[in-house]
Each structure stands twice: as structure tokens, then as C-alpha cells.
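Scroll down for the structure; my scribbles are underneath it.
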Protein chains: 2
Amino acid sequence: MRRHRRPVSFRAGKLVAAMSRVTVKDVAEKAGVSISTVSRVLTGNAPVSRELHRRVVEAIEELGYRPNALARGLRIRRTAVLGLIVPDIANPFFSQLARVIEQHAHLHGYSILLCNSENSRERELQYFSLLTSQRVDGMMVISSAATHEQLNRFQSNTDAVVLALDRRIPGFRGPWLGADPYPGAYEAVGHLLALGHRRIGIVRGLEGTISSDERFEAIVRAYQDHGLSEDPWVFGGPYSVETGVQAGNALAQLPVEKRPTAVIAASEFSAYGLIQSLHSHGLAVPEDISVVGYDNTAFAELFRPALTVIAQPIERMGERAVEKVLQMMEAAADEPPPPVAPLPGTVRQRPRLAVPVPDETLPTTLVVRQSTGPAPASAALRLA
Amino acid sequence: MRRHRRPVSFRAGKLVAAMSRVTVKDVAEKAGVSISTVSRVLTGNAPVSRELHRRVVEAIEELGYRPNALARGLRIRRTAVLGLIVPDIANPFFSQLARVIEQHAHLHGYSILLCNSENSRERELQYFSLLTSQRVDGMMVISSAATHEQLNRFQSNTDAVVLALDRRIPGFRGPWLGADPYPGAYEAVGHLLALGHRRIGIVRGLEGTISSDERFEAIVRAYQDHGLSEDPWVFGGPYSVETGVQAGNALAQLPVEKRPTAVIAASEFSAYGLIQSLHSHGLAVPEDISVVGYDNTAFAELFRPALTVIAQPIERMGERAVEKVLQMMEAAADEPPPPVAPLPGTVRQRPRLAVPVPDETLPTTLVVRQSTGPAPASAALRLA
DNA sequence: AATCTATCTGAAAACGTTTTCTCCGCGAGC
DNA sequence: GCTCGCGGAGAAAACGTTTTCAGATAGATT
């Protein structure tokens with residue numbers, strides 16, 4: 001249905017103080033029209049005469065009327081709210097991602113319901129349920145620990161579209177959007193080779209978690225694709241400062257001729273810990289050992305030495321995330337209505353969309369800063 | 001009204017896949033009861049016989065029913081949602097604050113609608129309007145730029161309680177919760193004095209913004225209360241890395257006998273910039289110059305040298321914020337209903353609460369790390 | 001045996017919107 | 001002189017809950 005007139009907007013200055021809980025009925029009374037007319041002015045999807053339109057707008061402003069989003073949502077079955085489930089909003093990667101997601105959602109007229117799962121599977125599922133109850137139009141979930149069985153089961157209970165973000169959830173019935181660690185890793189290895197490094201170590205994340213394994217494998221593959229044959233020195237642990245510290249300690253123990261002259265850390269925090277630890281062992285970065293980190297949050301360039309990183313495309317990722325969710329919503333809206341009455345007792349495994357939305361991968365890149373430099377002279381000599 | 005039985009909870013594992021958009025009616029049908037009975041099981045505020053209760057719970061689980069929060073909110077006039085307006089969620093101070101706010105809100109059964117005002121007054125007011133439409137039960141606003149007139153006008157349009165957080169809004173008709181910079185500042189000056197420093201400079205924030213002025217005045221007062229008479233060296237600018245860098249440059253120009261041996265920065269970022277800049281001028285921290293920062297986010301201890309800071313009580317602040325909002329909501333609920341029909345055309349300046357909620361101040365503290373140390377020997381000598 | 005409670009249940013109203021349906025008036029086309 | 005279509009307005013039905021109100025059943029008390 002075409003819009004006949006611009007719906008009335010609620011700009012800042014024009015509203016005037018008034019009693020609370022004003023309803024469309026009050027507005028109608030004040031304007032001397034029916035509530036239908038007020039609604040038409042509000043939504044703009046039916047013609048209203050010039051004069052009545054004016055009276056309604058006036059009444060709205062004088063009463064400080066704010067439409068009740070609950071009632072509207074109930075009626076039109078859409079809320080213009082998106083749910084975002086993140087493992088830890090205090091983590092700069094997620095908080096920066098949340099920022100751009102919020103920004104783009106706002107741009108499209110959507111609000112964000114923020115859920116911090118605190119890395120708990122229990123809470124993640126709880127939030128999934130909550131968002132379903134709140135009837136959000138879409139969800140973006142950066143999954144902590146939920147299994148795909150659980151998520152799939154929950155997903156079939158909701159009408160919202162759901163996008164797995166950043167962390168892949170194998171088996172999950174729904175699209176995924178994230179970054180491919182390989183391009184950045186390939187660049188990183190190339191960069192280090194060009195600087196004369198030949199022994200390049202890796203500080204990886206926990207074994208067994210998907211995204212951690214993926215990053216590690218990408219680095220190893222980059223390693224091989226550059227023709228390095230030797231098995232790299234590897235240290236593993238959670239993505240934390242502590243892991244980096246331990247890696248540094250282990251590194252310092254190694255005889256200098258076996259010690260990597262460069263290390264790629266799969267986490268920003270491990271990189272910080274690593275550098276600190278190396279420092280405390282009298283090893284300078286990048287003079288003695290070069291370090292490549294991950295993620296490229298604002299702190300990477302604040303840190304001394306400023307951290308060379310395999311950068312995730314945070315901006316692009318947030319932008320694409322909301323675009324993708326919106327696109328999924330459109331597709332879902334065009335879809336034929338659900339296949340009428342399912343047989344009683346039948347567990348309906350209806351896929352959210354008839355035509356499945358494809359996964360989407362954004363490339364990582366290398367951002368060179370000061371934590372990487374030429375391989376130390378001794379190594380360079382041996383090279384020559 | 002007493003609760004007769006525990007309302008049915010929606011635990012993770014027990015829900016089973018089913019078609020979407022299940023309503024209380026479907027549940028009632030499946031269980032062979034009326035919708036009233038289902039509702040009673042849901043809310044738990046009326047007795048339901050053992051047998052019917054069982055059947056209803058069973059039906060709920062089999063259908064994967066999730067109550068519609070919109071309909072419920074519409075009916076009971078509460079949403080269990082709190083709005084949070086922050087200037088920039090990517091700023092670690094705000095993201096850490098948001099984290100603990102979300103955590104405590106969740107603890108009390110509330111969700112958080114996140115609004116990132118991007119430091120824009122326009123958007124802040126827009127969000128205020130939005131949250132009103134969404135009928136959130138309460139708002140916490142860390143105000144960027146809105147004036148109290150605007151906020152007051154908007155506030156009288158909402159039924160939600162609203163708390164000004166962190167940044168004071170003079171003239172705003174509503175309580176404020178924030179930190180008092182003085183205790184931390186007093187400790188900081190004392191700490192520096194004990195280390196032998198006598199010339200202590202200040203990198204302050206922009207002149208004219210409330211919280212910036214407050215911090216500055218607190219530091220100056222601490223200065224005086226410790227008996228320092230000389231006017232401190234002062235550099236001003238926005239709370240940014242760049243300001244710190246410029247301050248460092250200015251500092252480096254000073255003749256050494258006039259140069260402060262310690263600097264207190266009113267912002268974490270200024271402190272980082274300052275240290276970087278001093279470094280680039282060949283001045284070591286803390287050997288040549290000690291630096292005290294602000295805020296105590298996670299980065300402060302990651303940074304090298306780890307930053308001594310005047311710490312804001314982030315945890316406590318977030319916790320108190322939601323407790324206070326909840327308490328305000330209770331008070332508002334007990335309040336006599338609004339004084340009936342206001343005269344037509346009357347602008348009702350109704351205060352949100354009959355008995356105003358008092359402002360609340362939490363103390364800052366000093367956290368000593370490595371960026372502060374004994375005053376350099378030359379200064380110490382002159383002292384002796 | 002009749003009444004009185006206490007406990008439980010269901011029908012229906014309400015919450016504040018949007019939208020369908022009906023109706024009205026009016027100018028255009030036959 | 002009708003009908004047709006169309007711009008415009010209002011009444012009323014829906015959306016999915018909670019809650020009030022009125023009954024029903026059963027056990028206890030007279």
C-alpha cells in the first residue's frame with residue numbers, strides 16, 4: 001500500500017510536556033476525529049485530509065503523545081528490535097562490534113536488545129528464549145558454547161531470523177557471517193619472511209573450539225603455502241593475557257638457536273601477555289623477537305610497541321551483519337505462510353527460510369605496526 | 001496476592017521444537033483447559049489444581065510455547081526492560097559499565113535496551129523518545145549533551161523512572177548517581193608527595209563540561225588540601241590520546257627546573273598519549289616523570305608502564321545504578337495515581353516522584369601501579 | 001439435609017494499536 | 001439520471017496476554 005503522506009515524526013524540540021500515558025484515543029478526542037484517523041496520520045498508509053491531518057499533528061504535539069510500541073508490535077507482528085547476544089561486551093572486540101551494529105541498526109530504524117552471555121551456554125540459551133518472548137525481528141548471536149542441537153531446537157520456536165556471527169556453529173540451521181583468518185595469516189607470514197624470519201612460532205587458542213582451531217589451521221596453512229616445511233613451535237591456551245605470559249616464559253627457556261625469532265598470536269590478549277613476558281626475560285620486541293597479534297581493537301595501536309595484527313574487519317562485519325539480518329527478514333516475509341495445521345504431535349523441523357541464506361566470509365588483513373621488525377642479526381647471518 | 005505455585009520456568013533443555021507463534025490458546029486447547037488456567041499456571045498468581053497444572057506444563061513444553069512479552073507488557077503495563085543510553089559503547093569505561101549493568105539487570109529479571117548516542121544530543125533525545133515508546137520501566141542515561149530543559153520536558157512524557165548516570169545534569173528533574181573525584185585525587189596527590197614530588201601538573205578535560213570541571217576542581221582542591229600553594233602547570237583538551245600527546249610536547253619544552261616531575265591526567269587516554277609523547281622526547285616514565293591516569297579500565301594494567309590511576313568504582317556504580325532504578329520504580333508504583341484530569345491545556349509539571357530520590361555519590365580511589373615512582377634525584381636533592 | 005467455605009475454573013473485559021469493512025459524498029462517464 | 005470509482009471517515013475486529021467476576025464442585029459444619 002502506498003503511503004499517502006509522510007508519517008508524523010517525533011522530532012526533539014516540538015514535543016511539549018504533558019501527562020503521561022496519552023493514548024491514541026486522547027489524541028483523537030482532542031483533535032475531534034476518530035482514532036482510525038489518528039492512526040492513519042501516524043502510519044501514513046491511508047489518505048487523510050489536509051485539515052484533519054493538521055489537527056491531529058497539533059494534538060499529538062500538545063499532548064506529548066508517544067505511540068505504544070507494545071500495542072503496535074502486537075498488532076503488526078513486528079517490533080523493529082534486534083537481539084544481540086555477545087559473550088562479553090567488555091571485550092573490546094565485541095564492544096566495538098556492538099557499536100557498529102547498533103549504529104547500523106539505528107540507521108535502518110532498529111533498536112538493539114543487548115544480551116551478555118558471559119560465556120555461559122546456559123545464559124546463551126536463556127537469552128535465546130528471552131529474545132523469542134520479546135518477539136524481536138531478528139537475532140545476531142556470537143555463540144559461546146551452545147551446541148547446534150540446542151540452538152536448532154530453539155530456533156524452531158522463534159519467528160525471528162537468526163544469524164550466527166563471528167563464531168561458526170557447525171550444524172546450526174541458519175547462516176553464518178564471520179571473518180576468514182587465512183588472508184591475514186598469509187600476509188603475516190609473508191611479512192615476517194620478508195623481514196628475514198625463518199622460525200615462526202604460534203600461540204594458539206584452546207584446542208577443540210571451532211574458531212580457535214580455524215585460526216590455527218589458517219596460520220599453519222599460510223606457513224606451508226609460503227614453503228615453510230619445519231613444524232612450527234606452538235603454545236596453546238585460552239585467549240588470555242596469562243596464556244601469552246606462559247608462552248613467553250616457555251619461549252625464554254628455549255636455546256637461542258632453536259627459539260623462534262617471530263611469533264604469531266591468535267589473540268590480542270595473548271600478544272600483550274607475550275610481549276610483557278618477553279620483556280621481563282630481557283628480550284626486546286621487535287629487536288629480539290617479533291610479535292603479531294590479532295583483532296585490531298583500538299588498544300593495539302595504543303600499546304607499546306604498537307601491535308602488528310591480523311585484523312578482523314570489525315566495521316564491515318557489523319555493517320554486513322545487520323544488512324544480512326534485514327535481508328533475511330525480507331526473504332522470510334515473502335515466504336509462503338507456514339504449511340497449515342501440522343499433524344498433531346508432529347515435531348515440525350521447518351527451516352526458517354525455504355531458500356537458505358548462504359554463509360558469508362569477510363577477509364582478515366594484516367596491519368603492520370611496531371611489534372614486528374627485521375630478524376635479529378644472528379639469525380640473519382645464518383640465513384646468509 | 002500470594003503466589004500459589006512456582007510459575008513455570010523455561011529451562012533450556014526441556015523445550016521441544018514446534019511450530020512458531022504458539023499462543024496461550026493453543027496451549028489451552030492441547031491441555032484441554034481454558035486460557036485463564038494456562039495464564040494462571042504461567043504467572044503463578046492463582047491456584048491451579050495439581051492435575052491441570054501438570055497438563056498445562058506438558059502442553060507448554062510440547063508446543064515450545066513462549067509467551068508474547070508484548071501482549072503481556074501491554075496488559076500489565078510493565079516490560080521488564082531497562083533502557084541504557086551511553087555516549088560510546090566502544091569506550092572501555094562505558095563497555096565495562098554496561099557489562100555490570102547488564103549483569104545486575106539480568107539478576108533482577110530485567111533486560112537492557114542499548115542506545116549508543118555517539119555523543120550526539122540529537123540522538124540522545126531521539127533515544128529518550130524511543131525508550132518512552134518502547135515503554136521501558138526505567139532508563140539510565142549517561143548524558144552527552146542534552147540540556148536539562150530538554151530532558152525534563154521529555155521526562156514528563158514518560159512513565160519510566162530515569163536516572164542520570166556518571167555525568168551530572170544540572171537542573172535535571174531526577175536523581176543522579178556518579179563518582180566523586182575528590183577522594184581519589186586526594187590520595188593521588190598524597191601518593192605523589194610521599195614519593196618526593198613537589199611540582200605536580202594536571203592534564204584536564206575540556207573546560208565548560210560539567211564532569212570535566214568537577215574532576216579538575218577536585219584535583220586542585222586536593223592539591224590545596226595537601227598544602228601546596230604554587231599554581232600547578234595545567235594543560236587542557238578533550239579526553240583523548242591526542243590531548244595527552246600535546247601535553248607531553250608542551251611539557252618537554254619546559255626548562256627542567258620548572259617542569260613538573262609528576263602529572264595527573266583526568267582521562268585514561270590522555271595519560272596514554274602523554275606517556276607516549278614523553279617517551280618520544282626521551283623522558284622515561286616513571287623515572288623522569290610520574291603519571292597518574294583515570295578510570296581504571298582493564299587496559300590500565302595492560303599498558304606498559306602499568307598505569308597508576310584514580311579509579312572509578314565501575315562495579316559498584318553499575319550495581320547501584322540498577323538497584324537505584326529498581327528502587328525508584330517501587331517508589332513510583334506506591335505513589336498515588338496521577339491527580340486526575342488535569343485542566344485541558346495545562347502543562348503538567350508533575351515530578352516523577354512525590355518524594356524525590358536523593359543523588360548518590362560513590363568515592364574514587366587510587367590504584368598504584370608502575371607509572372608513578374620516586375621524584376628524580378635532582379628534584380630530590382633540591383628538596384633536601 | 002441444608003448451608004457455608006474454600007478451592008478451583010471459565011467467560012469476558014481490558015490493554016493500545018492497526019486494519020478491514022462499511023459508508024458517505026462527489027465528480028466522471030455512460 | 002444512473003452507475004462507477006475514489007477520496008475520505010468511522011466502527012469494529014483483531015493481536016495475545018492478565019485479571020475480574022461469576023460459577024461450580026466438594027468437603028466441613030450445622
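Proteins come first, then strands; the chains are lettered A, B, ... in the order of their sequence lines, and each starts at number 1. Atoms considered below: every heavy atom in the structure, side chains included; atoms not considered: hydrogens, waters and symmetry mates.
- Going from atom CG of Leu74(A) over to atom C1' of dT18(C) covers 10 Å, rounded to whole Å.
- Interatomic distance, CD of Glu118(B) versus CD of Gln103(A), reported as 4.5 Å (0.5 Å rounding).
- Within the nucleic acid shown, Arg77(B) comes within 4.0 Å of sugar-phosphate atoms alone, with no base atom in reach, counting heavy atoms only.
- If you take CG of Leu70(A) and P of dT18(C), they are 13 Å apart, rounded to a whole angstrom.
- Between Asn45(A) and dT19(C) there is a side-chain N or O to OP1 or OP2 distance below 4.0 Å.
- The structure places OG of Ser49(A) at 8.0 Å from CZ of Arg55(A), a figure rounded to the nearest 0.5 Å.
- Map Gly32(B) and Asn68(A) each onto its nearest nucleotide of DNA chain C; the residue landing nearer the 5' end is Gly32(B).
- Distance, His53(B) NE2 to dC8(C) P: 12 Å, rounded to whole Å.
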With 3.5 Å as the limit, what N/O pairs link the protein to nucleotides 12-14 of chain C?
residue : atom : partner  : partner atom : Å
dA14(C) : N3   : Arg75(B) : NH1          : 3.1

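- Inspection of the Ser144(B) and Arg121(B) side chains reveals no N or O donor paired with an N or O acceptor under 3.5 Å.
- To the nearest 0.5 Å, the span separating CD1 on Ile76(B) from OG1 on Thr79(B) amounts to 8.5 Å.
- The residue Ser39(A) sits close to a base: some heavy atom pair falls under 4.0 Å.
- Residue Arg135(B) places no side-chain atom within donor-acceptor reach of the base of dG16(C), judged by atom type and a 3.5 Å distance cut-off alone.
- Nearest to the side chain of Ser49(B), among dC8(C), dG16(C), dT17(D), sits dC8(C).
- Listed for the Gln155(A) side chain is a donor-acceptor partner under 3.5 Å among the backbone atoms of Arg173(A).
- Between the CD atom of Glu29(A) and the C1' atom of dG16(C) there is a distance of 14 Å, given to the nearest Å.
- Of the candidate nucleotides dT17(C), dG16(D), dC8(C), dT17(C) has the atom nearest to the side chain of Arg72(A).
- Atom CZ of Arg40(B) and atom P of dC21(D) are 13 Å apart (whole Å).
- When the nucleotides dT9(C), dG7(D), dG10(D) are ranked by their closest atom to the side chain of Val33(A), dG10(D) comes out on top.
- Note on Thr37(A): a side-chain N or O is less than 4.0 Å away from OP1 or OP2 of dG10(D).
- Taking only side-chain atoms of Ile76(A), from C-beta outward, the nucleotide of dG10(C), dT19(C), dG8(D) with the closest atom is dT19(C).
- Here dA11(D) is the nucleotide among dA11(D), dT9(C), dT17(C) with the atom lying nearest to any side-chain atom of Ser34(A).
- Here the OG1 atom belonging to Thr132(A) is positioned 9.0 Å from the CG atom belonging to Asp159(A), to the nearest 0.5 angstrom.
- Here Leu52(B) lies in heavy-atom contact (under 4.0 Å) with sugar-phosphate atoms only.
- Remark: P of dA9(D) and CZ of Arg50(A) are 12 Å apart, rounded to the nearest angstrom.
- Atom CZ of Arg55(A) is separated from atom C1' of dA9(D) by 12 Å (rounded to the nearest Å).
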Between His104(A) and Tyr110(A), is the side chain to side chain donor-acceptor pair (under 3.5 Å) condition met? List the steps.
CA-CA 8 Å; His104(A) 281 92; Tyr110(A) 284 80; over 6 Å; no
Carefully, step by step, assess Ser143(A) and Glu124(A) under the rule side chain to side chain donor-acceptor pair (under 3.5 Å).
CA-CA 7 Å; Ser143(A) 178; Glu124(A) 179 172 337; 2.7 Å; yes
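- Note: NZ (Lys25(B)) to P (dT17(D)) measures 11 Å, nearest angstrom.
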